[in-house]
Amino acid sequence: MLVSATEMLKKAVEGHYAVGQFNINNLEWTKAILLTAQENNSPVILGVSEGAGKYMTGFKTVSAMVSAMIDSLGITVPVALHLDHGSYAGCYQCVKAGFSSIMFDGSHFSIDENVEKTTELVHVAHNLGLSIEAEVGSIGGEEDGVVGAGEIADPNECKRIADLGVDFLAAGIGNIHGKYPENWKGLDFDALAKIKDLVGDLPLVLHGGTGIPEDMIKKAISLGVAKINVNTECQLYFQEATRKYIEEGKDLEGKGFDPRKLLAPGFEGIKAIVKEKMELFGSVGKA
Ligand code: 13P
């Protein structure tokens with residue numbers, strides 16, 4: 001069932017768990033994540049970066065594929081199709097393409113410009129029943145061409161954006177896209193607690209979910225994080241399983257070269273990591 005992410009994240013805040021956003025790249029990714037959500041009776045958010053959207057030939061294709069797949073696979077758990085780190089133009093494209101949720105990443109603008117553009121997009125999204133995520137304080141590292149310095153969000157700026165009526169808020173608290181470096185200082189829980197104090201029950205979003213230790217994930221959830229984004233880890237699991245298949249020479253045996261066979265171990269790898277994350281985030285059985 002394709003829905004906005006508003007209700008599922010409200011329930012997550014009330015129930016003290018988080019819903020995973022898993023980014024998709026193609027049919028295998030989408031099918032693996034949808035089936036895992038259904039098998040675990042968990043709500044799920046499919047994240048689409050602008051780069052991945054282009055790769056899949058456009059947001060229209062993505063939207064059509066996701067809707068059709070929900071139908072053909074008989075997926076009854078709540079699924080949100082969400083634009084990840086959207087530009088201003090990208091948000092409008094996704095609204096038009098039939099996404100159920102958008103993220104406007106205005107973190108690289110001045111706070112006034114971020115407020116102005118977010119205000120407009122909140123109206124557009126809500127008029128059409130979509131949920132909207134905003135961002136304050138950039139997420140470090142690089143994701144699909146979106147590069148962030150990794151600033152810690154200013155709690156007062158978070159409050160300003162929260163007051164615009166966004167449905168959930170990504171606030172930088174030392175989190176980074178991609179693998180964490182050896183000398184990473186960890187999440188800034190003081191900043192998170194201050195933000196939570198000011199924004200109340202607004203669901204908070206933790207980007208850069210790959211590689212954050214379990215205890216930090218649990219603490220973040222206890223401080224109001226209700227959505228956790230994971231991208232790189234699915235890519236790594238897919239890569240590892242595919243590499244193993246080829247290194248074992250399985251693609252050379254019989255019809256092992258058939259793409260449906262060649263991509264199957266990677267597909268199972270994504271399913272395994274998504275299940276593990278759903279268990280850690282506490283969303284299993286919460287659909
Ligand atoms: P990772 O790639 O670090 O898991 O981050 C994903 C993310 O935050 C998507 O917006």
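Count residues from 1 along the sequence. Order of appearance sets the numbers: ligands from 1, and atoms from 1 within every ligand.
Remark: distances from the non-hydrogen atoms of H177 to ligand 1 include one below 4.0 Å. At least one heavy atom of I176 sits under 4.0 Å from some atom of ligand 1. Contact analysis leaves G47 out of contact with ligand 1, as no non-hydrogen atom separation drops below 4.0 angstrom.
The ring of H82 has its center no closer than 6.0 angstrom to the ring center of F22. Aromatic ring centres of F281 and Y17: separated by at least 6.0 Å. Within the 6.0 Å centre-distance limit, the rings of H85 and H177 are counted as a close aromatic pair. Checked against the 6.0 Å centroid threshold, W29 and F267 do not count as a close aromatic pair.
The proximity of H85 to ligand 1, defined as any non-hydrogen pair under 4.0 Å, is limited to the side chain. Here D84 has side-chain heavy atoms under 4.0 Å from ligand 1, and that is the only part of it that gets that close.
The single protein non-hydrogen atom nearest to atom 2 (O) of ligand 1 is T232 OG1, 2.5 Å, given as residue, atom name and distance. Ranking protein heavy atoms by distance to atom 4 (O) of ligand 1, first place goes to T210 OG1, 2.5 Å. Atom 8 (O) of ligand 1 has its closest protein heavy atom at G208 N, 2.7 Å. Atom 3 (O) of ligand 1 has its closest protein heavy atom at G178 N, 2.8 Å.
Remark: K219 qualifies as a cation-pi partner of F189 under the 6.0 Å distance and 45° angle criteria applied to the six-membered ring.
Near G209, the atoms of ligand 1 lying under 4.0 angstrom from a non-hydrogen atom of the residue are 4 (O), 5 (O). Atoms of ligand 1 lying under 4.0 Å from at least one heavy atom of V230, given by number and element, are 4 (O).
Side chains of N229 and H207: a donor-acceptor N/O pair is present below 3.5 angstrom, by distance only. Using modelled atom types and a 3.5 Å distance limit, the side chains of D112 and S110 yield no donor-acceptor pair.
Without hydrogens or angle criteria, Q38 side chain to V77 main chain gives a donor-acceptor distance under 3.5 Å.
Taking any N or O of N231, backbone or side chain, at least one lies under 3.5 Å from an N or O belonging to ligand 1.
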